[in-house]
Trainee: 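Handing you this structure, nothing more for now.
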Amino acid sequence: MAHDHEGPLARLRRGHEELVLRQLRTHGPLNRAELGRLTGLSRTTLYDIVSALVDGGAVVATAPAPAERRRGRPVETLTLHRDAGQAIGIDFARRAVHVAAVNVAHEVIGSASAPHGAGLTWEKRVDLAARLVGGLAGGTLRLGALSGIGVGVVGPVHDSPATGASAVGAPALGRPGSPSAGSPAADAPRPHEDLPVLLRKRFGVPVLLDNNTRLAALAEATWGAAAGVQDVLYLRLSHGVGGGLVVGGALHRGARGLSGEFGHITAEPGGRRCSCGKDGCLETVASIGAVLDAHPAAGDLDAFLAALPTDPAARRVLDDVGTRVGTVLAAVCNAVGPHITVLGGELAQAGPALFEPVERALSAHLMPVSRPDVDLRPATLGEVGGALGAIALVLHDSPLLTRYQTPNSVE
């Protein structure tokens, strides 16, 4: 009878341990007070669970440096043991592969990138990703029980209504969101449904998949410009225009994986035809191609950015782009109320020439009560943001990856 009585207690204790580990995996280093608020456990229970995890080596307790100590008992910081395993993120961009690795203590171990031609097969893209991963941390990465691979891809990632399996990439031509010939997305590598399977076979760990721009939003909220913020709006101005929402600390995917398509909000009624089939989308005025079309003398983006200090015409183009971007952002902000708005992508390298008109338009179109709280920041993670966001997807979504059951996971 004693054995029957102890079974539920042991399961309860394991549940408490998993809860503590999940919070450390999701949020990174925390003190006991912060853990108590996040878990809801009593002080006595939390102390007992944390002590056991520290004694067992799963959690490390670190006292503050002498210069940081205040009067009273030092406040220890608790982290997962950095050697418990790593998580890998891969971003299959249009013409490049970006990889990154992070340990379970939320420390970035390394990152790498390599360009490739548009015609490279998915098998060879996976080979390239494996070579890049193999070079991280001097080849010392260890795939343990807490490991996983998060993957970012171009285009919508949604659930197939027919099979329930992951359907990756743009829908068929003629449906909303599909790239038309000659559009910025037309040369994007189109993942097939076997991509997660290819990766699972290569690395031997669970694979989680999502849109790479949306993952960049999660990365900026985890390690970047909005680190630790629960509600973040991210917009990337690149060859395409897209973004993502982090709501309550979690990535918002939306129905059929279509959240974050801010580039297809109308910015110029009756304007140019967009790759999605509508007219006047933000992408038709704020993508790199649209900017260069408006100022063809520049030739390429680097030349355009270099000309900004001395070329009034280039500054007028960017002023118009920033005004339209800020107007669209204000509409989204009025709807979702983010704490921080992050602007990234290659076009964001223009700096104040872009950010100043964006901020003016934001202020003009936000509800008056929201204007004092506008916090627009440049993205900080660069081209590796999608790969880091893929890692955040792994760390946030799964305390034990073998229990993560969604149509976008392969185990």
Side-chain angles (χ1 to χ4, degrees), residues 213-214 216-221 224-238 240-249 252 259-272 274 280-288 290-291 294-295 301 304-305 307-309 311-381 385:
T213 303
R214 196 156 52 216
L218 184 57
E220 292 291 346
V229 177
Q230 294 288 296
D231 298 285
V232 180
L233 167 61
Y234 172 79
L235 180 69
R236 179 157 69 181
L237 305 178
S238 183
V241 175
L245 286 170
V246 175
V247 180
H252 178 66
S259 174
E261 294 292 340
F262 308 133
H264 299 291
I265 296 175
T266 300
E268 186 180 31
R272 295 171 58 186
C274 181
C281 293
L282 182 62
E283 187 167 296
T284 67
V285 296
S287 65
I288 291 174
V291 168
H295 192 66
L301 181 61
F304 178 84
L305 295 176
L308 283 172
D311 187 343
R315 293 185 69 88
R316 284 195 297 271
V317 168
L318 214 54
D319 190 79
D320 182 62
V321 168
T323 299
R324 295 183 187 279
V325 167
T327 302
V328 167
L329 283 177
V332 180
C333 288
N334 283 334
V336 302
H339 285 117
I340 291 176
T341 299
V342 179
L343 191 57
E346 295 94 324
L347 205 58
Q349 297 173 37
L354 175 67
F355 278 78
E356 288 174 3
V358 171
E359 289 179 322
R360 286 198 301 269
L362 266 173
S363 180
H365 294 282
L366 280 172
M367 293 186 299
V369 70
S370 301
R371 289 171 187 164
D373 299 321
V374 174
D375 192 344
L376 178 68
R377 302 181 183 180
T380 61
L381 298 177

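The structure displayed is predicted, hence computed values, not measured ones.
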Trainee: Are the side chain of Thr266 and the backbone N or O of Pro269 linked by a donor-acceptor pair below 3.5 Å?
Mentor: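 Answer holds: no.
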Trainee: Provide the closest heavy-atom pair for Ala267 versus Val285 in the form atom of the first, atom of the second, distance.
Mentor: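 So the two residues come closest at CB-CG2, 4.3 Å.
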Trainee: Salt-bridged, Arg324 to Asp320, with N to O below 4.0 Å?
Mentor: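 Asp320 and Arg324: salt-bridged.
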Trainee: Measure across Ala219 and Gly385 and return the closest heavy-atom pair with its distance rounded to 0.1 Å.
Mentor: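 Smallest heavy-atom distance, with atoms named: CB-O, 3.2 Å.
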Trainee: Would you say Arg377 and Val232 make side-chain contact, with heavy atoms under 4.5 Å?
Mentor: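 The answer is no, as the side chains (C-beta and beyond) never meet within the 4.5 Å cut-off.
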Trainee: Nearest 0.5 Å, what's the OG1-OH distance between Thr213 and Tyr234?
Mentor: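 Here the rounded value is 6.5 Å.
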Trainee: For residues Val247 and Asp231, report the shortest heavy-atom separation together with the two atoms involved.
Mentor: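 Heavy-atom minimum between the residues: CA-OD1, 3.5 Å.
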Trainee: Say you draw a straight line from CG of Leu245 to CZ of Phe262; how long is it, rounded to the nearest 0.5 Å?
Mentor: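 Going from the CG atom of Leu245 to the CZ atom of Phe262 covers 4.0 Å.
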Trainee: Find the distance between OG (Ser259) and CZ (Arg214) and round it off to the nearest 0.5 Å.
Mentor: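 Reported value, rounded in 0.5 Å steps: 6.0 Å.
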Trainee: When you measure from the side chain of Glu283 to the backbone N and O of Val241, does any donor-acceptor pair fall under 3.5 Å?
Mentor: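 Side chain of Glu283 to backbone of Val241: a pair is present.
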Trainee: Can you tell me how far apart CG (Leu305) and CD1 (Ile288) are? Round to the nearest 0.5 Å.
Mentor: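 The CG atom of Leu305 sits 8.5 Å away from the CD1 atom of Ile288.
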Trainee: Which heavy atom of Ala225 sits nearest to which heavy atom of Ala379, and what is that distance?
Mentor: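 Between these two residues, the closest heavy atoms are CB-CA, 4.4 Å.
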Trainee: List in chain and number order the residues that pass side chain to side chain contact (heavy atoms under 4.5 Å, CB included) with Ser363, two or more places apart in sequence or in another chain; answer none if no residue qualifies.
Mentor: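 Applying side chain to side chain contact (heavy atoms under 4.5 Å, CB included) to Ser363 gives Arg371.
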Trainee: Can you give the donor-acceptor pairs under 3.5 Å from side chains of residues 327-356 to other protein atoms, not counting sequence neighbours?
Mentor:
{"from": "Thr327", "atom 1": "OG1", "to": "Thr323", "atom 2": "O", "distance (Å)": "2.8"}
{"from": "Asn334", "atom 1": "OD1", "to": "Met367", "atom 2": "N", "distance (Å)": "3.1"}
{"from": "Asn334", "atom 1": "ND2", "to": "Ala330", "atom 2": "O", "distance (Å)": "3.3"}
{"from": "Asn334", "atom 1": "ND2", "to": "His365", "atom 2": "O", "distance (Å)": "3.2"}
{"from": "Glu346", "atom 1": "OE1", "to": "Ser238", "atom 2": "OG", "distance (Å)": "2.6"}
{"from": "Glu346", "atom 1": "OE2", "to": "Ser238", "atom 2": "OG", "distance (Å)": "3.3"}

Trainee: Return the minimal non-hydrogen interatomic distance between Pro368 and Pro372, and the atom names on each side.
Mentor: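 Minimum heavy-atom contact is O-CD, 3.6 Å.
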Trainee: With sequence neighbours left out, write down each residue that passes ring-ring contact (aromatic ring centres under 6.0 Å, His included) with Phe304, or none if nothing qualifies.
Mentor: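 Phe304 satisfies ring-ring contact (aromatic ring centres under 6.0 Å, His included) with His295 only.
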